[in-house]
Amino acid sequence: MQTAPFVELLAAPAALAKNPLFDIIVEDKVTIQNYCNALIAKILELKQSQFPAFIDYQFNQVKNPEIWICKLEKLLANNEAFFSSKTAMSRYNKLYILIEKKRTELQSTRVKEPVVKTPKKFINAESEDRHFSLYELKKQLEKINDDNQKILLLTKEMFEYQQANIEFINQKTPFYDAQCTKEIENIYALQKIQAAIEEAQKLKLSSPKPNKKLKFNGNLNQLVDMFYQLNRELFIDGKPYIDENTNDLADWIVNSFLDKGG
């Protein structure tokens, strides 16, 4: 059997295998030859339906999956004779399809999204090794929910700007460090307003509720007559039981009672 130059030879004896179904089993010393022999044996042993899980398992074991998949392809090509039968050829084709699929997946993960360059008009200043953009900084701040983290980022940016060797300043934009300071002041101001709103809400919730009106289910004239007697006809020590002028007493009755209709 011909070998392929695998860089990582991850194999183990059966007694130490973590996953006997998918581990490459080598009982003797792990060499290129023994590893390749065991790998071909594993491919011929597994069901075709198990190939995807086997490839995924090996990918999770090796440090460089792309190199491993290339060496597997090379091993299959070097030992095509082992897959001459109709059944074995089906396995061979199935593996090649999986190899191409995995290679495509690996390549797609390396494709990075294009970096959108910040327009020059949104750059406040440039130094030797970076540029300073309040436009970009505000986008970062929008992703941060914690005010303390926002203040930390703004302070860091302000100090970096002040210590940088500035080569270009956009005269049409505010000074970067002054704007960072302004943003910090805005955060503190909003915190004070929010604290005041919360305190007002607490006071509103804790303030005493107006007295609940009492419901009188009798006739209205009975209620009025009762208070009339206490105010005008019934006396104690020469004074009426309720010593109040008529208008104020009427207001108190209206604000303290509900009739039977609500």
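Sequential numbering from 1 along the given sequence is applied to the chain's residues.
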State whether the side chain of Asn78 and the backbone N or O of Thr3 hold a donor-acceptor pair below 3.5 Å, judged by distance alone.
yes

Tell me, do Pro65 and Ile69 make a side-chain contact under 4.5 Å, heavy atoms counted?
no

Do Pro52 and Leu98 come close enough that some side-chain heavy atom pair is under 4.5 Å?
yes

Check the orientation of Trp68 and Phe6. Use parallel for under 30°, tilted for 30 to 60°, and perpendicular for over 60°.
tilted

Kindly give the heavy-atom pair with the smallest separation between Ser133 and Asn124, and that separation in Å.
CA-OD1, 3.5 Å

Per side-chain contact (heavy atoms from CB on, under 4.5 Å), Gln61 is matched among Leu10, Asn19, Ile24 by Leu10

Going by distance alone, is a donor N or O of one side chain under 3.5 Å from an acceptor N or O of the other, for Glu73 and Tyr96?
no

With sequence neighbours left out, what residues match Gln48 under side chain to side chain donor-acceptor pair (under 3.5 Å)?
Ser90

Just distance, no hydrogens or angles: give the donor-acceptor pairs under 3.5 Å from side chains in residues 141-151, sequence neighbours left out.
| residue | atom | partner | partner atom | Å |
| --- | --- | --- | --- | --- |
| Asp146 | OD2 | Asn148 | N | 3.1 |
| Asp146 | OD2 | Gln149 | N | 3.0 |
| Asp147 | OD2 | Gln191 | NE2 | 3.3 |

What pair of heavy atoms forms the shortest contact from Lys260 to Asn217, and how long is it?
CD-O, 3.5 Å

Answer yes or no: is there a donor N or O on one side and an acceptor on the other, between the side chain of Lys42 and the main chain of Leu21, under 3.5 Å?
yes

Should side-chain heavy atoms under 4.5 Å link Ile, Leu, Val, Met, Phe, Trp and Tyr, which residues sit in the same cluster as Tyr135?
Phe122

Take Glu198 and Lys202 through the salt bridge (Lys or Arg N to Asp or Glu O under 4.0 Å) test and state the conclusion after the steps.
CA-CA 6 Å; Glu198 291 176 357; Lys202 288 180 182 178; 5.8 Å; no

Distance in Å, Phe227 CZ paired with Leu223 CG, rounded so as to fall on 0.5 Å steps:
5.5 Å

Rounded to the nearest 0.5 Å, how far apart are CG of Leu153 and CD of Gln140?
5.5 Å

Can you find a heavy atom in the side chain of Leu75 that is under 4.5 Å from one in the side chain of Leu39?
yes

How far apart are the C-alpha atoms of Cys180 and Leu137, what are their side-chain angles, what is the distance that settles it, and do they pass the side-chain contact (heavy atoms from CB on, under 4.5 Å) test?
CA-CA 9 Å; Cys180 287; Leu137 183 58; 3.9 Å; yes

Are Leu76 and Tyr92 close enough that some pair of their side-chain heavy atoms sits under 4.5 Å apart?
yes

I'd like to know if Trp252 and Leu258 are part of one continuous hydrophobic network [Ile/Leu/Val/Met/Phe/Trp/Tyr, side-chain heavy atoms within less than 4.5 Å].
no

Steps toward side-chain contact (heavy atoms from CB on, under 4.5 Å) verdict (Glu160, Arg130):
CA-CA 10 Å; Glu160 284 195 14; Arg130 62 163 291 185; 2.7 Å; yes

Kindly compute the distance separating CD1 (Ile55) from CD1 (Ile43), expressed to the nearest 0.5 Å.
7.0 Å

I'd like to know if the side chain of Asn60 and the backbone of Asp56 have a donor-acceptor N/O pair within less than 3.5 Å.
yes

Contact check, side chains of Leu154 and Ile187, non-hydrogen atoms, under 4.5 Å:
yes

Contact summary for Asn231 and Ile242, nearest pair of heavy atoms:
ND2-O, 2.7 Å

Check this for me, if you would: do Glu136 and Lys139 make a salt bridge, where the nitrogen-to-carboxylate-oxygen distance has to be below 4.0 angstrom?
no

Once you round to the nearest 0.5 Å, how far does NZ of Lys101 lie from CD1 of Ile97?
10.5 Å

Any side-chain heavy atom of Glu157 within less than 4.5 Å of one from Phe132?
yes

Would you find a donor on one side and an acceptor on the other, under 3.5 Å apart, between the side chain of Asn79 and the backbone of Ile40?
no

Closest approach of Asp177 to Gln162 (non-hydrogen atoms, all atoms of both residues)
OD2-NE2, 3.4 Å

Answer yes if the side chains of Asp248 and Asn245 hold a donor-acceptor pair under 3.5 Å, and no otherwise.
yes

Asn165 and Glu128: side-chain donor and acceptor closer than 3.5 Å?
yes

Any chance you could measure Ile99, atom CD1, to Thr104, atom OG1, to the nearest 0.5 Å?
12.0 Å

Is there a path from Leu46 to Met89 through hydrophobic residues (I, L, V, M, F, W, Y) whose side chains come within less than 4.5 Å of each other?
yes

What I'd like to find out is whether the side chain of Lys120 reaches to under 4.5 Å of the side chain of Phe168, using heavy atoms alone.
yes

Side chains of Lys172 and Lys121, heavy atoms from C-beta outward: is any pair under 4.5 Å?
no

Consider only side-chain heavy atoms of I, L, V, M, F, W and Y, link residues closer than 4.5 Å, and tell whether Ile32 and Val62 are in one cluster.
yes

Trace of the salt bridge (Lys or Arg N to Asp or Glu O under 4.0 Å) decision for Glu183 with Lys138:
CA-CA 9 Å; Glu183 289 294 327; Lys138 283 190 172 182; 3.6 Å; yes

Measure from the side-chain N and O atoms of Gln222 to the backbone N and O of Asn219, and report whether any donor-acceptor pair falls under 3.5 Å.
yes

Would a single hydrophobic cluster contain both Met226 and Leu249, if residues Ile, Leu, Val, Met, Phe, Trp and Tyr are joined by side-chain heavy-atom contacts under 4.5 Å?
yes

Look at the aromatic rings of Tyr57 and Phe22 and report parallel, tilted or perpendicular, splitting at 30° and 60°.
tilted

Using a strict 4.0 Å threshold on nitrogen-to-oxygen distance, state whether Glu8 and Lys71 make a salt bridge.
no

Ring-face cation of Lys215 near Phe257 (centre distance under 6.0 Å, axis angle within 45°)
no

With a 3.5 Å distance limit and no angle check, can you tell me whether Asn255 reaches the backbone of Asp251 through a side-chain donor-acceptor pair?
yes

Within 6.0 angstrom of Lys74 NZ, more than 12 heavy atoms from elsewhere
no

Point-to-point distance, once rounded to the nearest 0.5 Å, from CD1 of Ile169 to CZ of Phe175
5.5 Å

Heavy atoms of His131 and Ile123 approach each other most closely as CB-CG2, 3.9 Å

Could you pull out the closest heavy-atom pair between Ile25 and Ala14, with the gap in Å?
CG2-N, 3.7 Å

Same apolar cluster (I L V M F W Y, side chains within < 4.5 Å links), Phe216/Leu214:
yes

Whether the side chain of Thr173 engages the backbone of Asn170 through a donor-acceptor N/O pair (distance < 3.5 Å, no angle test) should be reported.
yes

